[in-house]
Amino acid sequence: MSKKYIATPSRTKELLNKYSFAFKKSLGQNFLIDVNVLENIIHQAGITKESGAIEIGPGMGALTEQLAIHADKVVAFEIDQRLLPILEETLADYDNVEIIHHDILKANVEEVIRTHFEEGQDIHVVANLPYYITTPILMKLVRDQLPVTSLTVMIQKEVADRMAAVPNTKSYGSLSIAVQYYTEASVVLNVPKQVFMPQPNVDSSVLKLVMRKEPPVQVDNVDFFFELIQASFAQRRKTLRNNLNRFLQDKFAKQQIETFLENAAIDGGRRGETLTMEEFSSLANVIHKELPKN
Ligand code: SAM
């Protein structure tokens, strides 16, 4: 194909010069310059000609262009006003792209979905995320239980590993459970620094999150469940018993906490990182029933 994609070093440099564009580190601006990586991301996301795509941070349009080619429609949120005229030029050939100048953390994504996509359309979030707000963005999108099928995102490798981690590993923690309560998480690609301009200081991976229709465990009170999990990892090297005693000291005597552990069939001498989500949910439900009201 003779067309020169945006995601090439030469075209990217050309645009940087033409618009005297200076990258803003504070906005996590590391643009992709490799079409193969982009096509791989889109393939992993499961995008088809019928799909709707939501992108966060189109930058100069590298991924947006590939989404426009492979999907039915693309809606992209960009916070940096300086990129709007550039996107107008780079995406001029595509009539299935809508750019929204808005901070994704403040956007009403559900309303945008309702306005821009067909009812019941298969929608996927696909993005090379600004790394400084990876976790707030993903937690907002998964917690809001948006009508999307999956989220496939380039993020720091370390965060991707934590989100997809299983018990008894170094990466497993409260973030793993928070993400996996709402989604099925897997790392689908590790990406070298050379595919970005400028190159980031950290390694990157593509994480795929498939939204669950139902939570994988039954939890009586979701807020308390997550509080308990946070507390269980508060001091990773300490036992679960120790972390729980500290977390619940104002509410229960130590003996009562031992009874909770027994009733949930969990050995208090274990560390938080060995507990499965099922075990955390049993423990949370046992304790929540006995919590003093107010
Ligand atoms: N998608 C482009 C690419 O792959 O070449 C750019 C990705 S770059 C890692 C992240 C993009 O997110 C930048 O364009 C940045 O301006 C934008 N961004 C940063 N914070 C944002 C926010 N809160 N809401 C929307 N976009 C944001």
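Counting starts at 1 for both ligands and their atoms, in listed order.
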Show me the side-chain donor-acceptor pairs of residues 145-152 shorter than 3.5 Å, one per line, residues at least two apart or across chains.
| residue | atom | partner | partner atom | Å |
| --- | --- | --- | --- | --- |
| Thr149 | OG1 | Asp122 | OD1 | 2.5 |
| Ser150 | OG | His124 | ND1 | 2.7 |

Review item, side-chain donor-acceptor pairs of residues 187-197, under 3.5 Å, at least two apart:
| residue | atom | partner | partner atom | Å |
| --- | --- | --- | --- | --- |
| Asn190 | OD1 | Ser205 | OG | 2.7 |

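Around ligand 1 you find Leu27, Gly28, Gln29, Asn30, Phe31, Leu32, Glu55, Gly57, Pro58, Gly59, Ala62, Phe77, Glu78, Ile79, Asp80, Leu83, His102, Asp103, Ile104, Asn128, Leu129, Pro130, Tyr132, Ile133, each with a heavy-atom distance below 4.0 Å.
At least one test fails for Arg82 against the ring of Tyr19: distance under 6.0 Å to the centre or angle within 45° of the axis.
Ion pairing of Arg162 with Glu158 is present here, as a side-chain N (NZ or NE/NH1/NH2) and a carboxylate O approach within less than 4.0 Å.
Lys238 places no side-chain N or O within 3.5 Å of a backbone atom of Ser232 that could act as its donor or acceptor partner.
Applying the ring-ring contact (aromatic ring centres under 6.0 Å, His included) definition to pairs two or more places apart or across chains, those involving residues 155-194 are Tyr172-Phe233, Tyr181-Phe225, Tyr181-Phe226.
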